[in-house]
Amino acid sequence: MSSNSQEPNSQKANSQRPGVSRTTGRRPVKNRQSKGRGFVQQLVLVFFLVLLWVMLWDSVSVLSVLSGVVLALLVTRVFYLPPVVLSGRFNIIHAVIFGAWFLYSLMHASVEVAWFAFRRRAVGAGSVIACDLRTSSDLLMTLVADTASLIPGSIIIDSDRALGVLYLHVLDCDSEEKIFSGKAQVYHIEELLIRAVGSHRDLAALRATPDPMGLKGGERR
Amino acid sequence: MSSLVFDILVVAGSVLLGTSAIIALYRIVRGPSILDRMIATDVVLASIMCGLGGFMALSHRTDLLPVLIVLAMLGFVGSVSVSRYVSKSDSMTPGAEVGALSDFSSSDWHMPKDAEDDSTDAETAAESEWFEDVARGISDVADGPEAVTVRDEAEDGHSEAEDGHDAPEVGLDVGSDPDVDGEGEGTGPDPGPEDSDDSSRTGPEPDQTDLDPGAEGKRP
Amino acid sequence: MIPDIISAVLILLGGVLSLAAALGLLRFGDLLSRMHASAKPQVLGLLLVAVAIGIQFPTWATVTTLAIVISFQLVTIPVATHMVGRAGYRTKHLRRSMLYRDELAEAVDRAEARELAWERKRGIGTDHHDG
């Protein structure tokens, strides 16, 4: 239902008419939906590029908007990006909560890393931790990784897309408690993001495992 | 009085920024690897950006804002380019013991590759020739293994051919298994459509043969 | 004068963060740790400087350009640090034994065994195509 693929040829051959579902006898809706979704995404992309262009030129005039549209269309055609499956859900309240938490965490962690640089002991050994995310969508994994990279203390090193695992390097992490808190932070980021922009499936996954650290007791993967 | 405070603040800020740039210079000189130097260059760039921003704020001019944008982009492109280069150059040396990355001598890259691993002899030979070219400073990798040139055609064909990879995605590198080649072969940067570094891992792909007559000529 | 003082204070804080970044570069013993020191304070420092500029010029034109700069940085810094980190992790001579726990290496070992078997199977088919 949520896939963007066209009907495979073998299925077409089996049905009475091309492009008709075997079970319901109606033309599958997903084709139109997927085309529509792709077009809307391209439109959103073009809109944001035009907005960026207009902001760069600091003036909203016919010339800037037109040139922005032309350039945006050119860029999206030449540098074609694969479509991102957006979840279609955007909760303003949770997005604001996420933004506020992100800013606070950014400041707190920057001060902490700056303190590491100034204090006598500098920093201890780090660790590479694995976080098995509850979500399975590309966009959400990317957002979690970006946020974790931005907040001082963790850098995303690698990811396992198929299993939905993120590998991060955490600074000054030479005890179990610090590893625990590092993982807890990543899961917290994921929870905030799922509540803000996650799809319904992600929300269900979130409700299924609300506490991956506590329940599974320091799982290692 | 407030003018004095203001001056003290400005001078202190400038001194701090300058000091940070000089300390980062030390790391550029000393850094045992090229990545250390790249990070230090990033810090110098950030200091310059902060200094430029401060200058703009305190002398009441905004015509240098595009310079900030350009500097940000340059820093990013530089970091990514160097790290891609490091991944590529280090992906040809198997095993854990590798010489320092700071001296690029082609003799380092002819370590005998134990052919008992996941590569055929032909592929190994093709790879080592390609690496030789890179070692000699020939940046044009079009005559690498044949997998390289295939990337130019439709990305759909690429995404279907890649067994272990998903469709091209936004953002992270999403190799299906993290760092699969333990012998340091490295999958390199993201397996995008025109990513030539993917060749070392996707050599065995069956549908990427004899499409580039140039590469064929180089193979034994 | 007050906006000037506030801007000066923010720039000073940005300078302190830059100094922290440089000192971290100097003092941390590991490539990955140094990367933490370099990129992270950069984000906050730039944010502070942008706020300082925004205080001086609260016009739409300037604020939108500053928003562009900040959002560029927020988007590109994680990518750059990730790529440098990945390169630094994979090139084995750069990785010292300064890791307390390495869960990625464990996963790599597991995947390596799987991958060897997979490649061996496909290797037979490859010879046919290499012709």
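The basis for the numbers below is simple: all heavy atoms, side chains too, and nothing from hydrogens, waters or symmetry mates. Residue numbers begin at 1 in each chain, while the letters A, B, ... track the order of the sequences. Remember, predicted model here, so these are calculated numbers, not experimental data.
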Asks: Any chance you could measure H169(A), atom NE2, to H36(C), atom NE2, to the nearest 0.5 Å?
Replies: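 If we round to the nearest 0.5 Å, H169(A):NE2 and H36(C):NE2 are 5.0 Å apart.
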Asks: Should V128(A) and Y89(C) count as side-chain neighbours, where that means a heavy-atom distance under 4.5 Å?
Replies: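 Contact flag for V128(A)/Y89(C) side chains = yes.
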Asks: Contact part of S59(A) toward chain C, heavy-atom cut-off under 4.5 Å: side chain, backbone, both or neither?
Replies: neither
Asks: Please report the closest heavy-atom contact between L150(A) and P78(C), naming both atoms and the distance.
Replies: CG-CG, 3.5 Å
Asks: Which heavy-atom pair separates A117(A) from A20(C) by the least distance, and what is that distance?
Replies: CB-O, 3.3 Å
Asks: Checking the side chain of R27(C) only, and the main-chain atoms of R119(A) only, is there a donor and an acceptor separated by less than 3.5 Å?
Replies: yes
Asks: Indicate yes or no: at least one non-hydrogen side-chain atom of I155(A) is less than 4.5 angstrom from one of L32(C).
Replies: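 I155(A) does not reach L32(C) side chain to side chain.
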Asks: Drop me the distance from D102(C)'s CG to Y167(A)'s OH, to the nearest 0.5 angstrom.
Replies: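 Interatomic distance, D102(C) CG to Y167(A) OH, rounded to 0.5 Å: 10.0 Å.
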Asks: At a 4.5 Å cut-off on heavy atoms, which part of E176(A) comes close to chain C: side chain, backbone, both, or neither?
Replies: both
Asks: Could you walk me through whether D58(A) and T65(C) pass side chain to side chain donor-acceptor pair (under 3.5 Å), step by step?
Replies: CA-CA 8 Å; D58(A) 290 340; T65(C) 313; 3.0 Å; yes
Asks: Using a 4.5 angstrom heavy-atom cutoff, name the option from S33(C), G85(C), A37(C) with the most pairs to chain A.
Replies: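 Answer, by heavy-atom pair count under 4.5 Å with chain A: S33(C).
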Asks: Tell me, for V111(A) versus chain C, whether the close heavy atoms (under 4.5 Å) come from the side chain, the backbone, both or neither.
Replies: neither
Asks: Could you tell me which residues in residues 43-55 of chain C have at least one non-hydrogen atom under 4.5 Å from a non-hydrogen atom of chain A, sorted by residue number?
Replies: V43(C), L44(C), L47(C)
Asks: About how many Å separate NE2 of H82(C) and CD1 of I156(A), when rounded to the nearest 0.5 Å?
Replies: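 Reported to 0.5 Å precision, the distance equals 6.5 Å.
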Asks: Roughly how far apart are R34(C) CZ and L171(A) CG, rounded to 0.5 Å?
Replies: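 Interatomic distance, R34(C) CZ to L171(A) CG, rounded to 0.5 Å: 12.5 Å.
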Asks: Measuring from atom CD1 of I77(C) to atom CG of D146(A), what distance do you get when rounded to the nearest 0.5 angstrom?
Replies: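 Answer for the CD1-CG pair, I77(C) versus D146(A), is 11.0 Å.
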Asks: Check the surroundings of atom CZ in F118(A): do more than 12 heavy atoms from other residues, nucleotides or ligands lie under 6.0 Å from it?
Replies: yes
Asks: With rounding to the nearest 0.5 Å, note down the distance linking CD1 in I68(C) to CG in L52(A).
Replies: 4.5 Å
Asks: With heavy-atom distances below 4.5 Å as the criterion, would you say the side chains of F28(C) and F116(A) are in contact?
Replies: yes
Asks: Is it true that atom CH2 of W101(A) has more than 12 heavy atoms of other residues, nucleotides or ligands lying nearer than 6.0 Å?
Replies: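 Above 12, so yes.
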